[in-house]
Amino acid sequence: MRFVGKSDFARVVFARLALSLIALSGFPENVGAAPWPAECKLSRAASLPFRFERGHIRIEVRVNDVPRTFAIDTGGLISSVSAEVVESQKIKARPISESIDITGIGGKRAEQYAIADTLTFGHLQASNVRLMVQPPNSAAEEDGVIGPDYLRNFDIEIDYANKILNFFHPHPCAGRAVYWSVASDSTPLEITPQGHIRLDMQLDGKDIPAILDTGSPVSLIDRMSAPTDVRDDKSPGTATLVGATGGSTETVPYRFQGMRLGTLLIAHPTLMITPYHDAFRNDHVGMILGNKELKLFHVYIAYREGRMYFTPNGK
């Protein structure tokens with residue numbers, strides 16, 4: 001989803017992040033390594049099981065104390081809720097000012113937002129929560145989305161193998177994040193003005209900046225960034241991707257030789273080539289790294305430090 005211009009709505013979303021945090025004690029130190037200094041110990045705010053279904057990370061939340069299922073989306077901008085939830089729970093929806101441009105895939109603009117009294121997941125609770133309203137009968141299979149407006153307040157650990165999502169208070173010591181393995185890889189990350197995670201990768205030996213997007217089941221490449229000989233490839237398997245605002249774009253799969261993340265190589269990944277350039281332009285990237293490849297790793301996103309740590313699953 002792209003965002004153009006300043007807005008009171010976006011500022012309020014980022015301002016109203018008064019979360020009630022309950023840290024859990026007894027968290028393990030780096031396995032098999034020397035004990036960390038006391039000041040470097042991780043402080044966990046919440047630990048949640050998740051379901052990995054249809055390429056989405058789904059967690060249980062409560063909207064105004066009603067159980068719902070939300071997806072975790074590092075590639076979105078503003079957390080959202082479905083029109084069906086708004087209607088069934090009688091949450092008042094309000095129009096988004098025409099001066100505010102929140103646009104999703106295919107150029108479809110968001111039109112409404114709602115204010116939930118509370119949004120609760122694990123031991124975390126936010127009050128007076130502004131959520132973009134997804135259009136009725138959208139392709140979203142969840143009741144809503146937790147986006148970067150909330151996620152970036154924490155360090156996020158995604159254990160795809162064991163389906164555990166951990167929220168940590170931002171860790172205080174650079175390089176002290178991976179507790180589950182003695183050895184790990186890492187790569188610098190940058191938070192874009194859209195709130196997205198941008199990192200440097202390689203695709204078939206070519207350097208290409210990418211957005212880490214846990215809301216996308218697949219990885220995509222901008223047709224403008226794809227090699228010239230595959231931009232107009234007519235491979236079978238064309239798929240339609242639909243965004244949270246109801247817009248859509250056509251994509252075509254293409255199998256590349258290798259994708260490099262840090263020092264780790266993913267052999268023969270299949271990416272979806274899309275002509276929707278706006279999905280990449282605002283973040284100045286050429287690729288979106290989705291769950292199809294991310295699920296191969298155990299990931300720790302240190303927003304404040306500006307680094308992502310990862311190990312292959314089982315390491």
Side-chain angles (χ1 to χ4, degrees), residues 13-31 36-52 57-65 67-76 78-81 116-131 142 144-181 184 186 189 191 195-197 212 214-215 294 297-311:
V13 168
F14 280 92
R16 291 181 180 258
L17 302 179
L19 300 176
S20 301
L21 306 178
I22 302 177
L24 306 181
S25 61
F27 200 74
E29 296 173 341
N30 200 329
V31 177
W36 289 359
E39 65 272 16
C40 294
K41 290 185 177 179
L42 300 178
S43 176
R44 186 168 57 182
S47 183
L48 305 171
F50 67 82
R51 303 194 307 274
F52 191 68
I57 298 171
R58 295 172 174 168
I59 64 170
E60 299 303 316
V61 306
R62 301 181 76 87
V63 178
N64 293 352
D65 211 32
R68 297 293 181 182
T69 299
F70 275 37
I72 298 295
D73 185 6
T74 60
I78 296 172
S79 298
S80 61
V81 65
D117 293 334
T118 58
L119 175 66
T120 308
F121 46 103
H123 294 293
L124 307 177
Q125 184 177 87
S127 302
N128 298 320
V129 182
R130 280 166 166 74
L131 299 167
E142 299 86 18
V145 168
I146 303 294
D149 50 333
Y150 284 90
L151 297 175
R152 65 188 297 182
N153 292 278
F154 303 94
D155 286 357
I156 308 295
E157 179 197 354
I158 309 173
D159 182 352
Y160 283 93
N162 295 303
K163 298 181 176 60
I164 296 293
L165 181 70
N166 285 318
F167 292 79
F168 293 95
H169 300 285
H171 77 282
C173 300
R176 297 286 189 173
V178 176
Y179 65 88
W180 63 87
S181 176
S184 65
S186 69
L189 62 84
I191 305 303
H196 297 156
I197 299 168
L212 188 154
T214 62
L294 283 171
F297 302 102
H298 189 147
V299 175
Y300 188 105
I301 302 167
Y303 274 98
R304 185 173 298 179
E305 183 192 356
R307 201 158 195 90
M308 184 178 80
Y309 300 86
F310 50 94
T311 63

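What you see is a predicted model, and the numbers here were worked out from it, not measured in a lab.
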D159 side chain to I164 backbone, donor-acceptor under 3.5 Å
no
Side chain proximity check, F167 to N153, heavy atoms < 4.5 angstrom
no
Check whether H298 reaches the backbone of Y160 with its side chain - one donor and one acceptor, N or O, closer than 3.5 Å.
no
Do Y303 and I156 make a side-chain contact, defined as non-hydrogen atoms from C-beta onward lying under 4.5 Å apart?
yes
Taking C-beta and beyond as the side chain, do M308 and I197 meet within less than 4.5 Å on heavy atoms?
no
Just wondering, do L119 and F70 contact through their side chains at under 4.5 Å, heavy atoms?
yes
Checking side-chain polar atoms at under 3.5 Å, does R307 have a donor or acceptor matched by the opposite partner on S186?
yes
Can you list the residues that meet the side-chain contact (heavy atoms from CB on, under 4.5 Å) rule with A302, with sequence neighbours excluded?
D155, H171, Y300, E305, Y309
Give me the atom names and distance for the closest heavy-atom approach of G195 to P148.
O-CB, 3.4 Å
Would you indicate whether the side-chain heavy atoms of V129 and Y150 approach each other to under 4.5 Å?
yes
Is the closest side-chain heavy-atom distance between I158 and I57 below 4.5 Å?
yes
T214 backbone acceptor or donor facing T74 side chain under 3.5 Å
yes
Among residues at least two apart in sequence or on other chains, which ones pass side-chain contact (heavy atoms from CB on, under 4.5 Å) with R62?
D65, P67, T120
Take D73 and I146 through the test side chain to side chain contact (heavy atoms under 4.5 Å, CB included) and record every step on the way to the result.
CA-CA 6 Å; D73 185 6; I146 303 294; over 6 Å; no
First locate atom OG1 of T69, then atom CD1 of I59, and finally report the distance between them rounded to the nearest 0.5 Å.
9.0 Å
